[in-house]
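To start, the structure under review is shown below, and the notes come after it.
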Amino acid sequence: MPELPEAHTVANALNLFLQGHSFEKIEIFIDKLRYPLAPLLDAGLLNQPVLEVRRRARYIIIELANRRALVVHLGMTGVFRQSEPGDERRKHEHVIFHLDNGRQLRFECTRRFSSITVCELDAPGAEPECLAALGVEPLSTDFTAAYLYRELHRRKCPVKIALMDNAVVVGIGNIYAAETFFKARISPLRPAHKLTRKECAVLVETARGVLAAAIEAGGTTFSDYRQLDGTEGLFERELLVYGRKGEPCTACGTPITTATQGGRTTFYCPKCQH
DNA sequence: AGAGATACCTGGGAGC
DNA sequence: TGCTCCCAGGTATCTC
């Protein structure tokens, strides 16, 4: 399931595939994903060269020459696939972008948690207005121990909830949150405002390391995620706690425990993480 | 205002 | 075997 590293990997692949090319036709086969798709057909997206494909948080931004941009969120099961005309349409392929070079880009999404919207940018390279409320990028220099301490200090919720809050820092989902807290040896159940400055520094560095390693590996792969050419990411085998309920902790052997936070399952070692 | 719950959606697995 | 139930996930939106 795509988190930030997956969006990063996909954006890079899309940039290679789309840059300089334009859409000649867009076909939609479903009324809506998270939002209605009909606006894609009447938004001036055709015959405009793609300037760049980039990422902000988990959103993929496909910027066209006329300053229109497609803003795509992969949700849980969104997948882009390069196809050729005549390829049979798969069951959950909802959108087909026909390119000026005769090739196709298809968007598939089983659970329909994904979104594809159109927005107009204020200037070339600008951030879409619909993404303005997002917090800092975890791999940027804005994500510092001082910043995190400030944000956590005014929140009484569990620290895991705060770290996954997109208004604080973007792109840390359930899987990477679990790995980060395990490697940082900090309990995800702790009240956010009780973390020390030192612990915030550890969290920042650990989260960065986890995400960077995942990007390096091409993203975590579960049943749904594939890169554009169909190859799988390799990070899955490196997960230390996520999905390992009852298995021995790799550090101390204590069985990994779960808790429910914000309606999501949290995996952690009750002995190592304080 | 901040926090917690819920809807959205499908496939896969467990249990009967 | 076939049925029902539950779970997974991020985000928007609701309620308290």
Side-chain angles (χ1 to χ4, degrees), chain A residues 1-11 28-37 39 55-61 71-79 89-95 107-117 119 128-135 137-138 150-181 188-194 207 211 214 219-226 233 235-236 239 241-246 256-268:
Chain A
M1 47 213 80
E3 297 197 38
L4 182 139
E6 288 78 5
H8 191 89
T9 304
V10 172
I28 60 176
F29 299 92
I30 192 173
D31 287 345
K32 67 182 182 78
L33 293 165
R34 172 173 290 277
Y35 305 114
L37 290 171
R55 175 193 66 76
R56 169 73 171 110
R58 260 173 281 227
Y59 295 88
I60 294 161
I61 302 162
V71 179
V72 181
H73 195 294
L74 298 176
M76 284 184 60
T77 56
V79 178
R89 189 165 70 87
R90 296 159 63 102
K91 184 176 178 184
H92 296 289
E93 277 179 356
H94 305 308
V95 184
F107 187 72
E108 174 179 315
C109 186
T110 304
R111 292 184 208 177
R112 304 183 192 176
F113 269 32
S114 53
S115 65
I116 306 178
T117 56
C119 71
E129 198 182 317
C130 58
L131 305 183
L134 293 171
E137 286 285 334
R150 218 164 39 238
E151 290 296 320
L152 296 189
H153 201 66
R154 59 190 183 83
R155 288 163 197 262
K156 295 192 171 92
C157 63
V159 61
K160 185 203 179 205
I161 301 293
L163 197 69
M164 287 177 65
D165 185 343
N166 272 343
V168 176
V169 56
V170 301
I172 300 179
N174 204 34
I175 297 170
Y176 295 120
E179 297 301 301
T180 296
F181 283 104
L189 309 180
R190 292 258 302 279
H193 67 282
K194 293 204 171 171
L211 291 169
T220 305
T221 290
F222 283 80
S223 57
D224 301 306
Y225 173 74
R226 294 289 185 278
F235 193 64
E236 177 180 18
L239 296 178
V241 280
Y242 181 85
R244 295 188 178 275
K245 181 180 185 179
I256 297 302
T257 301
T258 60
T260 299
Q261 296 182 283
R264 298 285 176 259
T265 303
T266 297
F267 296 86
Y268 67 103

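Chain letters run A, B, ... following the sequence lines, proteins first, then strands; residues in each count from 1.
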Q. Given atom CZ of A:Arg155 and atom P of B:dA1, what is their separation to the nearest angstrom?
A. 14 Å

Q: Could you check if a side-chain atom of A:Tyr59 sits within less than 4.5 angstrom of a side-chain atom of A:Val170, using non-hydrogen atoms only?
A: no

**Q.** Under 4.0 Å protein heavy-atom contacts per nucleotide of nucleotides 6-12 of chain B, with B for base, S for backbone only and - for none
**A.** --BBBS-

Q) In whole angstroms, how far is the P atom of B:dA3 from the CG atom of A:Asp165? A) 9 Å

(Q) With a 4.5 Å cut-off on side-chain heavy atoms, are A:Arg58 and A:Asn166 touching? (A) yes

**Q.** Nearest-Å distance for atom pair CZ/P, residues A:Arg154 and B:dA1
**A.** 13 Å

Q. Does A:His73 put a side-chain nitrogen or oxygen below 4.0 Å from OP1 or OP2 of C:dG10?
A. no

Q) When all nucleic acid strands are considered with a 4.0 Å heavy-atom cut-off, which category describes A:Ser115: base, sugar-phosphate, or nothing? A) nothing

Q: Please check the phosphate of C:dT11 (OP1 and OP2 only) for any side-chain N or O of A:Arg58 closer than 4.0 Å.
A: yes

Q) Whole-Å distance between B:dA3 P and A:Glu151 CD? A) 12 Å

Q. Within this structure, what is the CD1-to-C1' distance between A:Ile60 and C:dG10, rounded to whole angstrom?
A. 14 Å

**Q.** Gap between atoms CG and P, on A:Leu131 and C:dG10 respectively (whole Å)
**A.** 17 Å

Q: Identify which nucleotide among C:dT11, B:dG4, C:dA8 has an atom closest to any side-chain atom of A:Asn166, counting heavy atoms from C-beta outward.
A: C:dT11

Q: Take the C1' atoms of the five end pairs on each side of the helix from B:dG2-C:dC16 to B:dC16-C:dG2, derive the two axes, and give their angle rounded to 10 degrees.
A: 50°

Q. Are any non-hydrogen side-chain atoms of A:Leu74 and A:Phe107 less than 4.5 angstrom apart?
A. yes

Q. Is A:Glu137 salt-bridged to A:Arg56, going by a charged N under 4.0 Å from an acidic O?
A. yes

Q) Separation of A:Leu134 atom CG from C:dA12 atom P, in whole Å? A) 8 Å

Q | Distance in angstrom units between A:Leu152 CG and B:dG2 C1', rounded | A | 16 Å

Q. Among A:Arg90, A:Lys91, A:Arg89, A:His94, whose side chain to side chain contact (heavy atoms under 4.5 Å, CB included) with A:Glu108 holds?
A. A:Arg90

Q: Spell out, as yes or no, whether a donor-acceptor pair under 3.5 Å connects the side chain of A:Thr77 to the backbone of A:Arg111.
A: yes

(Q) Tell me if a side-chain donor or acceptor on A:Glu151 pairs with a main-chain N or O of A:Val169 at a distance below 3.5 Å. (A) no

Q | Any A:His8 side-chain heavy atom under 4.5 Å of A:Leu211 side chain | A | no

(Q) Please check this pair: side chain of A:His193 against backbone of A:Arg155, looking for a donor-acceptor N/O pair closer than 3.5 Å. (A) yes

